[in-house]
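Since the structure is predicted, the reported quantities are computational estimates derived from the model, not experimental observations.
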Amino acid sequence: MTQLYSSIYQYCQELEQSFGQIINHRQQQLLRLSTFLKEKIHASQTPDIIAICTHNSRRSHLAQIWLAIAADYYQTPSIRTFSGGTEATAFNHRTVAALQQIGLKITTDNTNLLNPVYQVRWNDSMPPYLAFSKQYEAPPNPRKDFAALVVCSHADIHCPIVFGSALKIALPYADPKAFDGTDLEAVEYLKTCRLIALEMLFVLKQITL
């Protein structure tokens, strides 16, 4: 059994008590993703999910990582989570900081690069989860039969068809980038992290029902 860091485990426990805060329209979209996962698992397949936003720097990384954490938290059958953008930039350091603040261990050996590769962990026994910015169709992302979770409205508009996907779900989140350089920066990144964590936990909870 995966042993999450205690701070992450407690964070998940607290969020479970807030599932009722998810508005009905978003619940319906989240349940579509849960159904996709269940159908793949019941067919003895390992489902793939790509979280997509424009730059693969903030929201898509949060969705990818929280889907994986939620799967560990609920001890569900294996799923594979990925992220990508309509263009590549970098895993934003403010997003990294928000995840570190709630207890994830995130390191990198190449901070001098424009697009460093980060090693992300939420338990000490896991291999590092590699996070870096990439286009959604670039390796190591799957090319077919995956669920596309589009987490920003810009990407949804400019990428109406995600080629290779078996399911596309639009679930936009407000971009915390709007608060970069302001006194609210850290608070807004934590708020976005919490909302995405809440909804990804809801998705994986349904697998256990």
Strictly below 4.0 Å, N to O, side chains only: are Lys40 and Asp48 in salt-bridge contact?
no
Just wondering, are more than 12 heavy atoms of other shown residues or ligands nearer than 6.0 Å to CG in Asp183?
no
With a 4.5 Å cut-off on side-chain heavy atoms, are Leu171 and Met200 touching?
yes
Side chain to side chain, Val162 and Ile52, heavy atoms closer than 4.5 Å
yes
Not counting sequence neighbours, list each pair that qualifies as a ring-ring contact (aromatic ring centres under 6.0 Å, His included) and has a residue in residues 190-209.
Phe19-Phe202
Do Ile102 and Leu104 have side-chain heavy atoms sitting under 4.5 Å apart?
yes
Pairwise side-chain contact, Asn56 with Phe91, heavy-atom cut-off 4.5 Å (strictly under)
no
Are the side chains of Cys193 and Leu62 in contact, using a 4.5 Å heavy-atom criterion?
yes
Salt bridge between Asp180 and Arg58, side-chain N to carboxylate O under 4.0 Å?
yes
For the residue pair Leu37 and Ile49, establish whether any side-chain heavy-atom pair is separated by less than 4.5 Å.
yes
Give the C-alpha distance, both sets of side-chain angles, the deciding distance and a yes or no for side chain to side chain contact (heavy atoms under 4.5 Å, CB included) between Leu204 and Ile79.
CA-CA 10 Å; Leu204 270 298; Ile79 67 170; 4.2 Å; yes
Kindly give the heavy-atom pair with the smallest separation between Thr108 and Val117, and that separation in Å.
OG1-O, 2.7 Å
What are the two closest non-hydrogen atoms of Ser83 and Asn141, and how far apart are they?
O-ND2, 3.0 Å
Verify the distance criterion only: is there a donor paired with an acceptor across the side chains of Ser133 and Asn115 at less than 3.5 Å?
no
State whether Phe132 and Lys134 meet the cation-pi test: NZ (Lys) or CZ (Arg) under 6.0 Å from the six-membered ring centroid, and within 45° of the perpendicular axis.
yes
Set out, in order, the CA-CA distance, both residues' side-chain angles and the distance that settles salt bridge (charged side-chain N to carboxylate O under 4.0 Å, His left out) for Arg94 and Glu185, then state yes or no.
CA-CA 8 Å; Arg94 300 170 184 86; Glu185 179 182 284; 3.1 Å; yes
Nearest-0.5 Å distance that lies between atom CG in Asn24 and atom CD in Gln28
5.0 Å
I'd like to check Lys38 versus Ile207 (side-chain heavy atoms, cut-off strictly below 4.5 Å). Are they in contact?
yes
Taking atom types as modelled, is there a side-chain donor on Gln206 or Ser34 under 3.5 Å from an acceptor on the other?
no
Residue Lys177 excluded, over 12 heavy atoms near NZ under 6.0 Å
no
Check this for me: Gln101, atom CD, are more than 12 non-hydrogen atoms of other residues, nucleotides or ligands nearer than 6.0 Å?
no
Could you check whether Tyr74 and Glu16, counting side-chain N and O atoms only, form a donor-acceptor pair closer than 3.5 Å?
yes
If a pair satisfies salt bridge (Lys or Arg N to Asp or Glu O under 4.0 Å) and one of its residues is in residues 188-198, list it, with sequence neighbours excluded.
Glu188-Lys191
Result of checking Tyr11, Trp122, Tyr9 against Tyr73 for ring pair (Phe, Tyr, Trp, His ring centres under 6.0 Å):
Tyr9
Quick check with a 6.0 Å cut-off and a 45 degree axis cone: is Arg26 positioned over the face of Tyr173's six-membered ring?
yes
Is any side-chain heavy atom of His61 closer than 4.5 Å to one of Asn92?
no
